[in-house]
Every structure is written in structure tokens, then in C-alpha cells.
Colleague: 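First the structure, which I've put down as C-alpha cells, then a few questions once you've had a look.
Along the sequence shown, residues are numbered consecutively beginning with 1. Side chains are part of it too, since the values below use all heavy atoms of this structure and drop only hydrogens, waters and symmetry mates.
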Amino acid sequence: MPRTRVGRAIGDIARRAARGELSAAQAAALIARLRAGQRHALYRAALDSLAAPGEPVQVRLIGPTADVANLLTILDDATTLTGVSDPYPTSRPGVVRVYATAERRHPLSGGTK
């Protein structure tokens, strides 16, 4: 049983798709949008909890080049990236390491819901 608002919303979308109120493509697009928002909130909360107020957070990202680029885009949406290194190759082919410095755009207030 879903316990979050996003989980309940995804369940509602799945039920509407099963009843034929939504096409499979519409349901997939709605669910993808909900999951992207969920990831965005998770990254923002993680960065907010790591740093002392006003201090930047240094992040090391390791993974396939496309995945690291996508995550940097998401982090840039959630925070202000003040420094991003060039990709460093690792011992595994196609896998890179990138260092980034992120700062909050707004002061931390409230909490996660």
C-alpha cells in the first residue's frame, strides 16, 4: 500500500489507465513526471542536510558519462552549481568521475513532507 502522496498518485494513474481513462503513453508520461519531481526533492533534501548553512557542498559523481551528465542537470535545477570539473576517466571503460560544488539557492527552511 503506497504511503506517500506520490505513491498514491501513481496508484491513481495506474487505476485510471486500467479503466481506459488514460492511454498507456499518457500514464507513463504522468508517472515519469511524478518520479522526476520526487528525485528533485530528494536531491535537494540531501544537499540541504549535508551542508552547514551558507557553506557549499562538494559532490563526487561516478558513473557512465550520460548518467553523470543527467544528474548534473538535475542538480543544477535543484541548486546552484558553482564549480564542475572536467570528467576524469576511471579504470572502467565509459565510466567517468566528476567533482561538483553545489550551493543552496535559498536558505534552508521547513522540512521534508
Side-chain angles (χ1 to χ4, degrees):
M1 176 151 65
R3 294 187 175 146
T4 64
R5 282 182 261 165
V6 173
R8 286 190 296 272
I10 289 172
D12 291 341
I13 291 168
R15 283 188 289 281
R16 288 179 64 193
R19 290 191 303 256
E21 297 173 9
L22 292 172
S23 68
Q26 289 172 323
L30 289 170
I31 290 172
R33 175 85 172 143
L34 287 169
R35 294 224 186 265
Q38 198 174 27
R39 278 192 308 273
H40 186 270
L42 177 67
Y43 296 141
R44 180 177 294 181
L47 287 172
D48 283 345
S49 65
L50 288 175
E55 290 189 28
V57 176
Q58 294 182 349
V59 181
R60 179 178 59 190
L61 306 171
I62 301 172
T65 306
D67 292 346
V68 169
N70 288 339
L71 186 54
L72 281 171
T73 303
I74 292 169
L75 282 174
D76 192 37
D77 289 342
T79 64
T80 300
L81 292 179
T82 57
V84 177
S85 72
D86 290 331
Y88 296 101
T90 63
S91 60
R92 296 177 289 174
V95 176
V96 296
R97 182 177 62 240
V98 174
Y99 297 93
T101 304
E103 293 182 13
R104 291 187 196 117
R105 290 190 180 145
H106 308 288
L108 179 63
S109 62
T112 59
K113 295 182 180 182

Colleague: Within the distance-only criterion (no hydrogens, no angle test), does the side chain of T90 pair as donor or acceptor with the backbone N or O of V95 below 3.5 angstrom?
Modeller: yes
Colleague: Answer whether the closest heavy-atom distance between the side chains of L72 and V84 falls below 4.5 Å.
Modeller: yes
Colleague: Is R92 close to I62 at the side-chain level, that is, under 4.5 Å between some pair of heavy atoms?
Modeller: yes
Colleague: For the CD atom of Q58 and the OG atom of S85, what is their distance to the nearest 0.5 Å?
Modeller: 10.5 Å
Colleague: I'd like a table of donor-acceptor pairs (distance under 3.5 Å, sequence neighbours excluded) in which one partner is a side-chain atom from residues 9-21, with atom names and distances.
Modeller:
{"unit_1": "D12", "atom_1": "OD1", "unit_2": "R15", "atom_2": "NH2", "d": "2.4"}
{"unit_1": "R15", "atom_1": "NH1", "unit_2": "G11", "atom_2": "O", "d": "3.4"}
{"unit_1": "R16", "atom_1": "NE", "unit_2": "E21", "atom_2": "OE1", "d": "3.3"}
{"unit_1": "R19", "atom_1": "NE", "unit_2": "E21", "atom_2": "OE2", "d": "3.0"}
{"unit_1": "R19", "atom_1": "NH2", "unit_2": "E21", "atom_2": "OE1", "d": "3.4"}
{"unit_1": "R19", "atom_1": "NH2", "unit_2": "E21", "atom_2": "OE2", "d": "3.4"}

Colleague: Show me the donor-acceptor pairs, under 3.5 Å and distance only, between side chains in residues 63-71 and residues at least two apart or in other chains.
Modeller:
{"unit_1": "N70", "atom_1": "ND2", "unit_2": "A66", "atom_2": "O", "d": "3.4"}

Colleague: Going hydrophobic residue to hydrophobic residue with side-chain gaps under 4.5 angstrom, can you get from L81 over to V96?
Modeller: yes
Colleague: How many angstroms lie between CZ in R97 and CG in L61, if you round to the nearest 0.5 Å?
Modeller: 11.5 Å
Colleague: Any side-chain heavy atom of V57 within less than 4.5 Å of one from T101?
Modeller: no
